[in-house]
Amino acid sequence: MQVTKREFLVATAALALASGMRSAQAATAINYWHHFASQSEMAGLMKIIELFGKSHPGIGVTQESIPNSEYMAKVSSAVVAGGRPDTGMVVAERFADLTAMGALVDISERVKGWKGKANFPENRWTGMSQDGAIYAVPAYAFVDWMYYRKDYFEEAGLAGPPKTFDEFLIACRKLTNPAKGRYAFGMRGGAGAFKYVIDVMEAFGSPIVKDGQAAIDKAAAVEAITFYSNLFVKEKVVPPSAPNDSYRQIMEGFRTGQTAMVWHHTGSLIEISAALKAGEQFSTAPMPAGPKAHIARVAYAGNGIMKDDHVDAAWDWISFWGEKDAAIALLEATGYFPASTAALDDERIKSNPIYQAASQTLDFGRLPNRFVGAAGWSESVVNPSFQSVLTGQLTPEQAVDRMIEGLEAALR
Amino acid sequence: MANLSIKDIQKSYGALKVLHGIDVELEDGGFLVLLGPSGCGKSTLLNIIAGLDEPSTGEISIADRSVTALPPKDRNIAMVFQSYALYPTMTVERNIGFGLEMRGVPEQQRKAEVRKAAEMLQIDHLLQRLPANLSGGQRQRVAMGRAIVRNPDLFLFDEPLSNLDAKLRVEMRTEIKRLHERLGTTIVYVTHDQIEAMTLATKVAVMKGGYVQQLADPRTIYERPANMFVAGFIGSPAMNFIRGKLVVEAGRSRFESEGVRVPVPVSGAAPGTRNCVLGVRPEEMKVTTADNAPIKGVIDVVEPTGPDTMVTVRVGDHSVVARAEPRFQGRRGDPVAFDVDPLSINLFDAETEERIVMGSVHQDA
Amino acid sequence: MKSVLHRGPLAKLGDLSETRYWVYLLLFPSLILLLLVVAYPTLYGFVISVREMRLTRPGLNGWVGTKHYVAMLSDRVFWISLKNTAIWVTAAIALEVAMGFVAAVALNRNVPGTKLFGVLILLPYFLPNVVAGHMWALLLDPRLGVINDILVKVRILSSYKAWFADPATAMAATIVVEAWHGFPFFALLFLAGLKGIPEDLYKAAAVDGAGPIRQFRLITVPMLRTVITAAVILRVISLVNSPDLLLVLTGGGPGNATQVLSLYAFQTAYREFNFGYAGALAVVMFVILMVFATLYIRLTRVSKD
């Protein structure tokens with residue numbers, strides 16, 4: 001059969017058009033980047049995709065799991081080099097950096113016309129907004145709290161969990177018994193340590209950033225670092241591995257009974273419940289209050305649109321996460337606290353005493369600090385400076401000087 | 001006195017036996033060549049003499065002293081290797097003197113002796129070079145210098161010439177012979193090259209399959225090979241073999257095959273017929289026009305080489321090579337006849353392939 | 001007919017093939033490829049390093065000249081990283097060379113079973129850095145680590161040690177892990193090199209009266225010099241450039257005790273989104289590696305052979 005070049009080209013073009021039209025009719029395919037990794041998180045995500053598929057048969061979602069530590073590297077590479085996903089997960093701490101690099105699409109108009117908006121009070125949106133424009137729909141929240149070993153507390157004759165830093169220190173001294181290999185507090189000194197360092201600094205009355213300027217109050221900050229690092233250096237109520245202990249290690253320490261208290265958020269409840277009996281061996285309590293402020297974070301996490309190729313389908317997907325069905329599905333699988341008030345009223349939360357600490361924290365909890373460069377400063381300056389205090393290479397004064405210096409550089 | 005005595009040396013690697021009881025005696029100043037194809041065990045035997053390998057049983061004595069239990073360095077030997085084995089980081093001077101250095105000879109004396117050896121080998125201008133910057137022949141000389149300078153009881157050469165090109169090989173062969181005559185040191189030399197064996201040796205041990213096939217002076221090896229293997233291994237072109245019968249009747253013996261009828265001088269053999277193989281060297285086949293010539297055939301190929309002309313002849317079923325005079329005239333298909341000196345031939349048993357000793361007439365011919 | 005052929009374009013190509021320009025024409029496609037794959041990214045790295053490029057501050061982007069390099073001079077973390085890189089690379093490679101040598105010598109025998117061991121010994125090298133890192137993080141874990149358990153049982157330690165939490169041991173611990181991971185690379189290359197050394201040299205040395213130590217120094221080492229040089233250069237380059245093991249084990253901490261240049265550049269780019277400064281760090285690493293490789297090859301005089 002003889003086919004001329006012209007005929008061949010026409011035929012190819014027709015075929016391409018036809019196939020393009022067919023796929024447009026069948027389903028819009030969008031992809032979704034997230035950093036869910038554990039079995040329970042993936043189960044929750046799969047359930048949400050399944051529910052979404054039922055209510056939106058015309059849209060197919062392809063999920064892509066990216067390790068949390070590489071999430072920003074991957075997103076920033078996609079911003080620089082291309083290859084953005086349609087949608088992506090946005091956690092509060094990263095919101096400022098993501099909007100600054102232009103990774104998110106402004107969705108204010110769509111939010112205004114969305115019927116689900118009523119379920120989200122104003123503070124839910126604050127963490128997802130920049131200069132009055134909304135960039136993501138909140139889906140769930142991580143509420144800071146404290147896990148403690150109820151049985152250890154009873155053994156030590158402690159009436160209840162500490163409500164202030166002073167009580168916390170007293171409890172620490174009573175709960176520590178190195179001969180038994182038992183320490184009171186699983187301090188996070190490795191990756192992610194900065195979070196509690198900053199929280200303690202604020203609890204001692206030092207702000208971090210005000211109006212885009214470094215605002216650390218040196219005296220208060222030094223007092224805070226001294227108090228917090230002394231738990232390890234002087235009081236020795238913290239395991240000796242603390243300077244390298246990150247999420248995995250502090251959780252292990254608590255689950256294996258090495259530590260009696262650990263600070264984290266609602267996200268790890270399922271994991272701890274699997275190892276220890278809730279209400280008997282362990283319980284939860286609000287974070288203890290500092291001398292100047294009671295700090296606990298409520299970090300809303302949501303989803304944003306990163307590319308406007310299939311913006312309608314993308315909007316359907318990210319707003320679906322804000323609906324009650326999706327929030328409950330995630331709660332069942334992971335225990336992640338819903339952002340939507342409609343879901344918060346669910347019996348599973350109201351009737352469970354373990355969740356009371358979180359519900360209380362919602363009343364006073366703060367959003368995480370958000371300023372451009374927060375992540376870089378926290379991890380590259382706060383972490384090593386604090387670790388150096390723990391290992392005796394820096395005094396609290398020197399560490400605070402470095403933090404101030406680094407913060408000023410990061411904000412310049 | 002630096003004679004070498006090898007007594008019942010056996011060597012096995014697991015189930016594999018590579019040497020089956022080797023016995024060799026070599027007099028002081030003798031030149032023993034271990035000759036054989038690869039895998040015959042000659043290198044293993046040399047390594048055992050050097051002490052680089054241990055025998056399974058048996059004993060080695062050098063200069064009437066048993067050295068079987070001694071490490072190589074205490075046997076007072078020197079060795080030259082096929083690959084020369086020069087130390088790549090050392091100058092020629094240090095390479096040659098290294099054995100002395102290891103023995104703790106003072107530097108001044110060492111330098112003097114190295115220079116003497118180097119002058120003997122005409123490499124004294126190369127002393128400061130590294131082996132990488134030498135030609136093959138120069139490296140060979142350095143390797144020899146390294147052996148000479150130690151003034152050993154025994155020199156061991158492991159195929160020292162096989163990495164050289166043909167011309168250099170002849171030169172170095174002569175050099176080794178000259179060296180041997182000048183120094184008079186006892187030498188054991190391993191090679192698979194029969195010319196080296198013939199030219200250098202005072203005694204040749206032809207080896208195959210872990211056995212010494214024949215131990216004798218080169219002339220005996222050439223003229224009276226102990227068996228067909230030795231006969232075929234030595235000489236180029238190789239000895240011609242013709243299968244046939246030895247017929248003894250009425251006190252006279254002759255060898256018979258198609259186109260061949262050679263009288264054999266035998267004394268005291270019983271009458272009868274037996275199968276055997278006639279061995280005759282190409283140069284012993286003389287072209288003749290006589291009617292009653294013992295070997296008759298038809299010319300197959302004529303190859304002039306200059307000093308000789310090689311004539312390949314079909315004799316019955318056999319192909320036979322004769323070394324004819326340079327101006328031999330003859331063409332393919334021409335009939336040709338040869339005369340043979342009965343004293344120059346060898347007869348081998350067809351079964352055992354051993355040489356048949358034919359009475360007093362042949363002894364020490 | 002003939003004259004037509006001579007005028008045709010193919011004939012001209014034929015004429016060109018007779019000239020010396022033909023070579024360049026044939027090399028052209030690979031040259032383009034090389035430029036795209038090698039030259040462009042390298043040059044782009046240099047260009048980034050003289051520009052401000054902060055993803056989170058797009059407004060600042062632009063030409064800044066040597067600003068990043070000047071900033072580096074007074075950057076405390078840079079100098080610590082530089083020092084740590086030198087320690088980390090030198091110590092890890094010294095250990096790897098030593099272990100690789102021992103392994104290669106042990107495997108270079110005709111003993112049955114060495115083939116199997118040859119494969120087994122390569123296993124660490126097959127593990128990706130990240131996997132090896134997580135595995136060792138567990139082995140050395142201050143609570144569950146098997147190694148701590150063993151050391152306590154044989155009474156070398158009195159209690160479990162948090163190796164990565166103490167600046168005095170963090171670097172050493174990561175070096176040991178790296179050495180474990182990297183030594184098969186040397187073992188493999190050394191083994192190949194050892195197989196290439198003529199047996200005769202050792203025999204000659206034995207006859208001359210040189211013992212095993214002298215044989216090693218005078219024969220083995222010089223004969224492996226080219227292999228050693230090449231292997232060390234390759235390894236230095238890969239060690240200087242790969243932050244993954246340290247990222248997994250310590251993240252550069254505690255303090256900056258295990259911070260190295262590659263990790264610092266990685267964190268600057270992907271944590272602070274400061275690609276300009278990260279680019280400058282990468283350029284400095286590039287220059288250091290070039291200078292190192294040149295000097296090292298000169299010193300070992302490999303190219304002369």
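Keep in mind that the numbers below use all heavy atoms, side chains included, and drop hydrogens, waters and symmetry copies. Residue numbers start from 1 in every chain, and the chains themselves are labelled A, B, ... in the order their sequence lines are given, proteins ahead of strands. All values reported here derive from a predicted model rather than from experimental measurement.
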Query raised in the report: Can you name the nearest heavy-atom pair linking A:Val80 to C:Leu55, along with the distance?
Result: CG2-CD2, 3.4 Å

**Report entry** Atom group of A:Gln249 that falls short of 4.5 Å from chain C, counting heavy atoms
**Finding:** both

Query raised in the report: So, for C:Gly255 and A:Gln387, which heavy atoms are closest and what is the spacing to 0.1 Å?
Result: N-OE1, 2.8 Å

Query raised in the report: Under a 4.5 Å heavy-atom cut-off, does chain A meet the side chain of C:Leu249, its backbone, both or neither?
Result: backbone

Query - Contact summary for C:Ala165 and A:Thr391, nearest pair of heavy atoms - result: O-CG2, 3.6 Å

Query raised in the report: Can you tell me how far CZ of C:Phe164 sits from CG of A:Asp245, rounded to the nearest 0.5 angstrom?
Result: 12.0 Å

Query - Test log, rule side-chain contact (heavy atoms from CB on, under 4.5 Å), inputs A:Glu379 and C:Gln267 - result: CA-CA 9 Å; A:Glu379 293 183 66; C:Gln267 290 173 343; over 6 Å; no

Report summary line: Heavy atoms of A:Pro240 and C:Ala162 approach each other most closely as O-CB, 4.0 Å

**Report entry** Heavy-atom pairs under 4.5 Å with chain A, option from C:Lys161, C:Glu272, C:Gln259, C:Arg54 with the top count
**Finding:** C:Glu272

Query raised in the report: Taking atom OH of C:Tyr40 as the centre, does the number of heavy atoms from other residues, nucleotides or ligands within less than 6.0 Å exceed 12?
Result: no

Report task. Looking only at non-hydrogen atoms, find the nearest pair between A:Ser380 and C:Arg271 and report the distance. Result -> OG-NH1, 3.5 Å

Query - Polar contact flag, side-chain donor to acceptor under 3.5 angstrom, A:Gln258-C:Arg143 - result: yes

Report task. Under 4.5 Å heavy-atom distance to chain C, tell me which part of A:Val79 shows up: side chain, backbone, both or neither. Result -> neither

Query - Sidechain N-carboxylate O distance under 4.0 Å for C:Asp141, A:Arg248 - result: yes

Report task. Apply side-chain contact (heavy atoms from CB on, under 4.5 Å) to A:Ser77 and C:Tyr270, showing your working. Result -> CA-CA 9 Å; A:Ser77 297; C:Tyr270 290 114; 3.5 Å; yes

**Report entry** Among the listed options A:Ala193, A:Ala375, A:Ser385, A:Ala410, the residue most often paired with chain C at heavy-atom distances under 4.5 Å
**Finding:** A:Ala410

